[in-house]
Amino acid sequence: MKKAGLYIHIPFCKVKCVYCDFYSITKKEDQIPLFTKCLLKEINSYKKYAGKWTFDTIFFGGGTPSLLPAKYLEQILQKLHDTFDTSNVHEISLEANPGEASLQHLKDIRKLGVNRLSMGFQSFDDKILKVLGRLHKSKDCFKTFKNARKAGFDNINADMIFNIPGLSVENWIKDLNKLIKLDPDHISAYSLTVEPSTALFNLVKNKRILMPNEKIDVEQFLITKDILLKNDYNQYEISNYSKKEMECKHNLHYWNLDPYLSFGPSAHSYNLKSRWWNHRSLDTYVQNISKKTLPTEGKEILKKEDNYNEKILNGLRLAKGIKISSIKQYHNKNYNTYITKLQNKWDCIDIDNNYIKLINNGMLFVDEISSDMFIANYQE
C-alpha cells in the first residue's frame, strides 16, 4: 500500500515575519478553541481515505504550532488516531519558535507522542533577526534547544536562512559553526527569497532593503554544503541536511510525490490524481465548517504533463535524483536522444543506478535544468 502523510496547518503567530508567505494570523489566539473544534470536524469528514494508504507521518506546520496549548494538540492527535490507521506513524513533527515554547510545554507535547521538533532559528545574530522580523533573540535559540533535549526530543531540526541583507559570508560561517556545536539531528538551510505577498517584497520594491547580489548567495550556499558535509550531515535535498537516517520522512512524501491529506486554512492535499486546497482565511474556514461544507477553495486534476513536470521539479532537488523508469514512459522511443541532448548541454547531469541526478554543484542550476526538462521536451 502507498505510504502517505498527514499535515495540520496551525495559522496562529505572535508576529508575522517579513519574508513569510505561508498563511498566518497574529493576535487571534483567542480563536484557538473554535479553530480546533472546526479542525476536528474537517478531519472527521475524510474518513473515506482511512484505508486507502499507509499513513506513516504527521506534521504540524504553520504559523507557529507550538503556540497551541497541549490539550488542543491532544484532541487533534486523538481525532487523527480515531479517523485513520496511525499504527505505522513513527514520525510526528511540530514546528516551534525559540522563546515561545517553555520546558513544561515541550515535556507535555513530547508525552503526547510528538517526537520530532523543527525549530526556526534562522540566525544567531540579533541584528539579522530584527531584519527578518523575528520575535526571538539569539539566546532563545540555545535555551529552547537545550530544553527540547531535556524534554526528551532526540530528533530536532534547525531552520537557518542565508542570503539575508547585512549577513556577511564570515558571519554566516560563524552561524554554521555555532549550529554544529549544538549538534541538531537535521538542518534546513534556505536562501532568503522575496515572495510577492510578503512585507519583504514591498521593502525591496521601495528600495528600503537591498538584497545581496547573486555571487554572495551562491558563495553562502556552497559554504553551507561544504561545512555541513564535513560535519557528517548528508545533503539529501537541495536545502536539507541530516545525520544518518534522520531525514524528514514527512517532507520526503512531498518530494517523492506520495499522497498526503492536509487540514486547516490554506492546507493543500494530493491523492496522486488531483490536488485541492482550503481557503486561505480562518474566518472563511470556520464559516464553511459551521455550514457543514468542506472548506475547499479550489481543485485541479493533474494531466500527464503535470505529473511529468512535477517528477522533474521535485526529483532533481533530491540527491538521489529521478528514477528513470518513472519518466521513461513519457518519451516512448525518444528517451535516449532526449537524455544525450541534456547531458551534452549540462555536464552536471549524471546517470547512476537507474537515476538521473545532479553532481558537481549542479543544484546551483536546478531551476534552469528543470526548465529544460519540462513540457517542451515531453513526448506523448
Side-chain angles (χ1 to χ4, degrees), residues 5-17 20-47 49-50 55 57-84 86 89 92-97 99-102 104-106 108-114 116-120 133 135 197-198 250 260-270 275-299:
L6 295 164
Y7 174 82
I8 309 291
H9 189 78
I10 309 296
F12 306 99
C13 276
K14 291 280 188 187
V15 296
K16 181 78 174 176
C17 301
C20 180
D21 70 335
F22 293 109
Y23 175 65
S24 63
I25 48 176
T26 59
K27 300 174 184 175
K28 298 274 187 175
E29 289 165 62
D30 59 319
Q31 293 194 40
I32 286 177
L34 176 61
F35 161 76
T36 305
K37 191 177 177 182
C38 291
L39 193 63
L40 300 182
K41 288 180 180 178
E42 187 193 5
I43 293 168
N44 199 55
S45 67
Y46 277 81
K47 279 183 177 177
Y49 286 98
F55 293 101
T57 64
I58 297 172
F59 197 107
F60 288 86
T64 311
S66 55
L67 289 179
L68 208 68
K71 66 176 182 178
Y72 296 111
L73 187 66
E74 183 177 18
Q75 289 175 28
I76 297 165
L77 282 169
Q78 190 58 55
K79 176 55 75 175
L80 290 172
H81 297 323
D82 292 344
T83 309
F84 307 104
T86 55
V89 171
I92 304 179
S93 302
L94 184 137
E95 293 178 342
N97 278 341
E100 294 180 35
S102 67
Q104 187 57 53
H105 185 60
L106 291 169
D108 290 343
I109 63 175
R110 183 68 191 88
K111 281 179 186 174
L112 293 176
V114 177
R116 183 177 184 274
L117 209 61
S118 183
M119 300 178 64
L135 195 61
S197 60
T198 63
H250 184 83
Y260 51 89
L261 296 179
S262 302
F263 309 97
S266 82
H268 286 58
S269 297
Y270 171 63
R275 194 170 268 113
W276 63 97
W277 52 94
N278 287 347
H279 286 281
R280 195 180 166 99
S281 159
L282 179 60
D283 291 341
T284 307
Y285 176 81
V286 168
Q287 285 167 15
N288 282 11
I289 298 288
S290 301
K291 292 175 185 174
K292 297 183 178 179
T293 60
L294 286 174
T296 310
E297 182 185 27
K299 181 179 181 178

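Worth knowing before you read on, the calculation uses all heavy atoms, side chains too, and leaves out hydrogens, waters and symmetry mates. Since this is a predicted model, take the numbers as computed values, not measurements.
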With [X] via side chain to side chain donor-acceptor pair (under 3.5 Å) - residues at least two apart:
X: H105; value: none
X: Q104; value: D108
X: W277; value: none
X: S281; value: T284

Who passes side chain to side chain contact (heavy atoms under 4.5 Å, CB included) against [X], sequence neighbours left out?
X: K292; answer: none
X: T26; answer: C13, K16
X: E95; answer: F59, P65, S118
X: Y23; answer: H9, P11, I25, P265, S266, R280, L282

Look up atom [atom1] in [X] and atom [atom2] in [Y], then write down how far apart they are to the nearest 0.5 Å.
X: Q31; Y: D283; atom1: CD; atom2: CG; result: 6.0 Å
X: Y49; Y: I43; atom1: OH; atom2: CD1; result: 15.0 Å
X: H268; Y: E297; atom1: NE2; atom2: CD; result: 8.5 Å
X: S269; Y: Y260; atom1: OG; atom2: OH; result: 7.5 Å
X: L261; Y: I58; atom1: CG; atom2: CD1; result: 11.5 Å

>> The criterion is ring-ring contact (aromatic ring centres under 6.0 Å, His included); which residues satisfy it with F84, sequence neighbours excluded?
In response: F55
> Partners of F22 by ring-ring contact (aromatic ring centres under 6.0 Å, His included), sequence neighbours excluded?
Replying inline: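 If we apply the ring-ring contact (aromatic ring centres under 6.0 Å, His included) test to F22, skipping adjacent residues, there are no hits.
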For [X] and [Y], work out which heavy atoms get closest and say how close.
X: A267; Y: S262; value: CB-CB, 3.5 Å
X: S93; Y: V114; value: C-CG1, 4.5 Å
X: T64; Y: E100; value: CG2-OE1, 3.7 Å
X: T296; Y: H279; value: O-NE2, 3.7 Å
X: I92; Y: F60; value: CG2-CE1, 4.2 Å
X: N288; Y: P295; value: ND2-CA, 3.3 Å

> Considering only heavy atoms from C-beta outward, does the side chain of L135 approach that of N97 to under 4.5 Å?
Replying inline: no
> With a 4.5 Å heavy-atom cut-off, do L6 and T57 have their side chains touching?
Replying inline: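 In short, these two side chains do not touch, never coming nearer than 4.5 Å.
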Which pairs of donor and acceptor atoms, one on a side chain in residues 70-82, lie under 3.5 Å apart (sequence neighbours left out)?
residue, atom, partner, partner atom, Å
Q78, NE2, D82, OD1, 3.0
H81, ND1, T86, OG1, 2.7

>> Suppose we screen for salt bridge (Lys or Arg N to Asp or Glu O under 4.0 Å). Which residues come up paired with K14, at least two apart in sequence or across chains?
In response: E29
> How are the rings of F35 and Y285 set relative to one another: parallel (under 30°), tilted (30 to 60°) or perpendicular (over 60°)?
Replying inline: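 Ring orientation, 0 to 90° scale: tilted.
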> Does any N or O in the side chain of N278 come within less than 3.5 Å of the main-chain N or O of G264, such that one atom is a donor and the other an acceptor?
Replying inline: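 Judged by distance alone, yes, a pair lies under 3.5 Å.
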